[in-house]
Amino acid sequence: MEKPVLSVENLSLDFHLRTHILHAVRDVSFELHRGRTLALVGESGSGKSVTARSLMRIVDKPGLMVGGRIILRAEGNETDLAQLASNSAEVRAVRGARIGLIFQEPMSSLSPVHTIGSQIDEVVRLHSKLDKRAARARTVELLGQVEIPNPAEMADRYTFEFSGGMRQRAMIAMALACNPDILIADEPTTALDVTTQAEILDLIKRLQTERGMAMLLITHDMGVVAEVADDVAVMRFGRIVETGTVDEIFHAPQHAYTQRLLASTLKLEQPADARAEAVVTPQPILTLKDLTKVYGGAKGFLGTKKFALKAVDDVSLVLHAGENLGVVGDLVLARPR
Ligand SMILES: Nc1ncnc2c1ncn2[C@@H]1O[C@H](COP(=O)(O)OP(=O)(O)OP(=O)(O)O)[C@@H](O)[C@H]1O
Ligand SMILES: [Mg+2]
């Protein structure tokens, strides 16, 4: 196998708080390979975002890297990002150009006072020698690649004129502006409605595959992991407790925490303590089995069969105590039978 494009080795990071030292990331190791997606999963506060931000050396104060290596490989060269100053020219060159970042809230990375196009132009020009006109052509091309309709015209619009999904697309375009080798996506779809989430996720996955990028995907959603990831790292209390392929993690989870994570009652959004009791075997309080509902279809006057509509077709589900079960779907016109 080709050498990983990024190797994180025994990374540790502390926050020096007023009353104590918080060990946010502890001895974390993983590898990112071209064309593959590693999902980093774990409950809220487990250290996923801090780990991701460490790779770009953008951890907020008072965060301090206390150990480990972050080896970035390109054309036979190896650079240890952990050894470089976070504001050094080398690290700035890596951000955006080698590693692109997409996160949950596009508003915090998009300026409200500049057009979308001018912001992407700026990123393009920062890392290339393109002139203004060529940079704009590249911006329009990128907006097209993230499936923004009429990209040339939309480039002149402001952030507030874009919907949530379109802002996320614009941020993806910005992250891809310099053809990075690595894409970090930190909960990229959490703030979007369910249908838009699926579209954006499809887009990210398609771009990652087409461009052969290595992706680090942070998510709470094991459904997303199953759909998008090749490998999984499970994080808890700052440590990676289990790593494996998606198949291994879903079918033969070794660590008790991973097993609980996969049990439907465990809600990653809740902090660990609040969940301690939820781990007991859940009791179903509602069970639907093979439910079907048909409207119409009875024999009418003179024995002609009337129009029938199958509104519910063989639906089964179980609702456990303490569980939130979401039923989602698209608006489709049911076909008459
Ligand atoms: N700037 C900061 N100052 C102090 N502590 C911080 C800071 N940023 C993060 N932390 C702490 O580091 C720990 C890990 O945070 P992190 O944001 O990585 O969690 P996460 O796994 O991404 O959670 P979530 O799923 O909620 O996004 C948490 O305990 C958090 O409170
Ligand atoms: Mg986070």
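These figures come from a predicted structure and were not determined experimentally. When a ligand or atom number is given, it counts from 1 through the structure's own listing order.
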State yes or no: do Val25 and Leu64 share one hydrophobic cluster built from I, L, V, M, F, W and Y residues joined by side-chain heavy-atom distances below 4.5 Å, directly or via other members?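 No, because Val25 and Leu64 fall into different hydrophobic clusters, even though each may have its own neighbours under 4.5 Å.
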Among Ile184, Ile204, Thr189, find the one that has a side-chain contact (heavy atoms from CB on, under 4.5 Å) with Ile102.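 Among the candidates, only Ile204 passes.
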When you measure from the side chain of Gln254 to the backbone N and O of Glu242, does any donor-acceptor pair fall under 3.5 Å?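 No, because the side chain of Gln254 does not come within donor-acceptor range (under 3.5 Å) of the backbone of Glu242.
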For the atom pair CZ (Arg133) and CG (Asp121), what is the distance rounded to the nearest 0.5 Å?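 Taking CZ in Arg133 and CG in Asp121, the distance rounds to 12.5 Å.
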Can you name the side chain to side chain donor-acceptor pair (under 3.5 Å) partners of Asp186, sequence neighbours left out?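 For Asp186 the side chain to side chain donor-acceptor pair (under 3.5 Å) partners, ignoring immediate neighbours, are Ser49.
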Please check if any side-chain donor atom of Glu187 sits under 3.5 Å from a side-chain acceptor atom of His220, or the reverse.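 The answer is yes; a qualifying pair exists.
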May I ask you to list the residues sharing a hydrophobic cluster with Phe160, side-chain cutoff 4.5 Å, ordered by chain and number?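 So far as hydrophobic clustering goes, Phe160 is joined with Tyr158.
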If you count the non-hydrogen atoms of other residues, nucleotides and ligands that lie under 6.0 Å from CD in Glu9, is the total more than 12?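 Yes - once you tally the heavy atoms of other residues, nucleotides and ligands closer than 6.0 Å, there are more than 12.
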Amino acids in close contact with ligand 1, where any non-hydrogen atom sits under 4.0 angstrom away: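 The answer is Phe15, Leu17, Leu22, Ala24, Glu43, Ser44, Gly45, Ser46, Gly47, Lys48, Ser49, Val50, Asp60, Lys61, Pro62, His220, counting any residue whose heavy atom sits under 4.0 Å from ligand 1.
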Is any side-chain heavy atom of Val41 less than 4.5 Å from a side-chain heavy atom of Met222?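 A side-chain contact under 4.5 Å exists here.
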How about the Mg ion (ligand 2), which protein N, O or S atoms come within less than 2.8 Å?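 Listed by chain and number: Ser49 OG.
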